[in-house]
**Student:** 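Okay, handing you the structure first.
For clarity, every value in this text was computed on a predicted model and none was experimentally measured.
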Amino acid sequence: MKNKVAITKCGKYEYEDIKKSLYTLLENTDFPDVKGKKVLVKPNILSDSKAEKNITTNPIVVKAVIEIVKERGAETVWCGDSPGMPGPKFRGEGCGIWNVVEETGATWVDFFDGAKPTVFWNKVKAPQCRFLTEADVVISVCKMKTHQLMYATGAVKNMFGTIPGLNKSPMHLYARSPENFAKLLLSIFHVHEPEYSVMDAIISMEGAGPANGTLRQTGLLLASSSALALDKAEAILMGYDPKDIPILREAEREAKGSTDATYTLLDPAKETIKDFRRVEKKKRGLINSLLLPFLTRFFDRKMAEKRKAPEFLAEKCRRCKKCVDVCPAKALTLDKDHIEIDTSKCIRCYCCHEMCPFDAIKIDAEI
């Protein structure tokens, strides 16, 4: 049976409107039974920036999800995330999510606390948040945004945040192509697939996402018991062919039909945003397209080198060194008043671009 995906219009970040819309979504999808259970609510906190920047899941959406879970009888509600830069004891105060956790009586959890060593795709090892596997129900509350490496980021990639802090960055070294990074992300996702996912698409991000793109009033909320089906709906809304999204393509290779969906309310194909600014896909010849899944197993490094390296804009740079600190390949250095890049070391993961708070890094990415 196909997964149910529900999409409804919701134009503002107003609590009552959002909560009403969420109940409509729940009634038209397979929302899990949370009564008497431990529930982990996992928002997307890429960086602890103010809510109005819309880099993170909006705190009002998170609040409404927590309240509904509590109303439905959850015994314990945990909420947490771990961005790339902050270390242990991080709390999402800047983005406002910590405040709503306090207001609702939920419990903020530190993803570093007792993180469990875990082996993922291709024997890649990293610690992973213990609350992910200790929870009975996991709810991914993501944000509709473009992504320079993966085209779009949604409910599946949101689970990458269960790898605490800078432990995420080195993982790019072992999966340099979009195809292999998608396999790694899916292996993280499969440790405990969310029982339910909600996507904040009231204001989305287009262009150079997931941190430095342009905000777009989209006016939608989406939900499903299938994170993959939800991400497919997001791709269609953005105007992508879902087969061009590496995560969706790899998921279908793993299990044919895993992204299929029945749309119980709005049909994303009829709601496609025609002028949505997407990360453009590099066109490949037929032979390259057919061989790509096999070539990336052996030529991951070479595939990465073919992508364009980031460009650092000296006039915007504030020399905060976040890009230097997050770079898994150690390809960046601060030289007096500007950033130097060693393109022979750069793996084109674009972590630097995600972490830059000043829009001082330009990506002309073709994947």
Side-chain angles (χ1 to χ4, degrees), residues 3 5-8 10 13 18 21-22 25-26 29 31 39-49 51 53-66 68-69 79-84 92 95-97 100 111 129 132 137-147 149-163 168 182 185-186 188-189 192-206 209-211 213 215-216 218 220-238 240 242 245-248 251 259 261 268 354:
N3 305 294
V5 175
I7 306 170
T8 190
C10 186
Y13 287 114
I18 289 171
S21 295
L22 284 175
L25 296 176
L26 268 55
T29 51
F31 188 73
V39 179
L40 173 64
V41 175
K42 165 64 176 72
N44 177 14
I45 307 179
L46 178 65
S47 67
D48 200 18
S49 58
K53 289 190 174 182
N54 284 284
I55 292 173
T56 70
T57 310
N58 191 279
I60 302 175
V61 177
V62 177
K63 179 180 179 180
V65 170
I66 293 173
I68 288 172
V69 168
C79 182
D81 196 8
S82 184
C95 64
I97 291 177
V100 303
F111 281 12
C129 162
L132 180 68
V137 175
V138 175
I139 300 178
S140 173
V141 191
C142 59
K143 185 80 176 172
M144 179 176 169
K145 296 188 293 183
T146 47
H147 193 279
L149 184 63
M150 305 306 289
Y151 292 170
T153 178
V156 174
K157 190 173 183 300
N158 189 32
M159 303 312 291
F160 192 36
T162 62
I163 309 299
K168 288 187 282 293
L185 290 173
L186 284 166
I188 293 168
F189 166 73
H192 185 145
E193 297 183 15
E195 278 72 22
Y196 201 73
S197 296
V198 174
M199 183 172 290
D200 170 10
I202 296 174
I203 294 179
S204 61
M205 184 177 288
E206 60 183 0
L215 300 183
R216 176 90 183 224
T218 316
L220 297 170
L221 284 171
L222 297 75
S224 178
S225 58
S226 168
L228 285 165
L230 188 70
D231 285 357
K232 183 176 182 178
E234 175 196 37
I236 295 168
L237 288 169
M238 288 178 165
Y240 285 113
I245 304 298
I247 287 174
L248 299 176
T259 69
E354 287 189 25

**Student:** Per the side chain to side chain contact (heavy atoms under 4.5 Å, CB included) rule, which among Leu149, Leu46, Thr153 passes with Glu354?
**Tutor:** Leu46
**Student:** Identify the heavy atoms of Val5 and Ala233 that sit nearest to each other, and give their distance.
**Tutor:** CG1-CB, 4.1 Å
**Student:** What distance do Leu230 atom CG and Cys142 atom SG have between them, rounded to the nearest 0.5 Å?
**Tutor:** 5.5 Å
**Student:** Using only atom types and a distance under 3.5 Å, with no angle test, would you say the side chain of Ser204 pairs donor to acceptor with the backbone of Ala201?
**Tutor:** no
**Student:** Nearest 0.5 Å, please: how far is CG in Leu132 from CZ in Phe111?
**Tutor:** 7.5 Å
**Student:** With heavy-atom distances below 4.5 Å as the criterion, would you say the side chains of Ile45 and Thr57 are in contact?
**Tutor:** no
**Student:** Answer yes or no: is there a side-chain heavy-atom contact under 4.5 Å between Pro43 and Thr56?
**Tutor:** no
**Student:** For Val100, is there any backbone N or O sitting under 3.5 Å from a side-chain donor or acceptor partner on Lys63?
**Tutor:** no
**Student:** On a heavy-atom basis, which atom in His147 and which in Pro210 lie closest, and how many Å separate them?
**Tutor:** CD2-CG, 3.6 Å
**Student:** Contact between Tyr196 and Val137 at the side-chain level, heavy atoms closer than 4.5 Å - yes or no?
**Tutor:** no
**Student:** Donor-acceptor pair, Lys143 side chain versus Ile203 backbone, under 3.5 Å?
**Tutor:** yes
**Student:** Do you know which two heavy atoms are closest between Ile18 and Cys10, and how far apart they sit?
**Tutor:** CG1-SG, 3.9 Å
**Student:** To the nearest 0.5 Å, how far apart are CD1 in Ile60 and CD1 in Ile97?
**Tutor:** 11.0 Å
**Student:** Which heavy atom of Ala235 sits nearest a heavy atom of Pro242, and at what distance?
**Tutor:** CB-CA, 4.4 Å
**Student:** Donor-acceptor check, side chain of Lys145 to backbone of Met205, threshold 3.5 angstrom: yes or no?
**Tutor:** no
**Student:** Before you tell me yes or no, could you show the steps for Val138 and Met159 under side-chain contact (heavy atoms from CB on, under 4.5 Å), namely the whole-Å CA-CA distance, both residues' side-chain angles and the distance that decides it to 0.1 Å?
**Tutor:** CA-CA 10 Å; Val138 175; Met159 303 312 291; 3.9 Å; yes
**Student:** If I take atom CE from residue Met199 and atom CG from residue Asn158, how far apart are they, to the nearest 0.5 angstrom?
**Tutor:** 9.0 Å
**Student:** Out of the candidates Asn54, Leu237, Asp200, Asp231, only one should pair with Met144 under the side chain to side chain contact (heavy atoms under 4.5 Å, CB included) rule; please name it.
**Tutor:** Leu237
**Student:** Are the side chains of Ile139 and Phe31 in touch, meaning some heavy atoms are under 4.5 Å apart?
**Tutor:** yes
**Student:** When you measure from the side chain of Lys232 to the backbone of Leu248, do you find a donor-acceptor pair of N or O atoms at a distance under 3.5 Å?
**Tutor:** no
**Student:** Are the side chains of Glu234 and Ile245 in touch, meaning some heavy atoms are under 4.5 Å apart?
**Tutor:** no
**Student:** Give the C-alpha distance, both sets of side-chain angles, the deciding distance and a yes or no for side chain to side chain donor-acceptor pair (under 3.5 Å) between Asn3 and Ser224.
**Tutor:** CA-CA 7 Å; Asn3 305 294; Ser224 178; 5.9 Å; no
**Student:** Please report the closest heavy-atom contact between Pro194 and Ser140, naming both atoms and the distance.
**Tutor:** CG-CB, 4.0 Å
**Student:** Do Ile202 and Asn58 come close enough that some side-chain heavy atom pair is under 4.5 Å?
**Tutor:** no
**Student:** Would a 4.5 Å heavy-atom cut-off, applied to side chains only, mark Glu193 and Leu228 as touching?
**Tutor:** no
**Student:** Tell me, with the steps shown, if Lys42 and Val141 meet side-chain contact (heavy atoms from CB on, under 4.5 Å).
**Tutor:** CA-CA 6 Å; Lys42 165 64 176 72; Val141 191; over 6 Å; no
**Student:** Is there side-chain contact between Thr29 and Ser225, with at least one heavy-atom pair below 4.5 Å?
**Tutor:** no
**Student:** CG/Leu221 to OG/Ser21 distance, rounded to the nearest 0.5 angstrom?
**Tutor:** 5.5 Å
**Student:** Dump the intermediate steps for side-chain contact (heavy atoms from CB on, under 4.5 Å) on Tyr13 and Val61, then the final yes or no.
**Tutor:** CA-CA 8 Å; Tyr13 287 114; Val61 177; 4.0 Å; yes
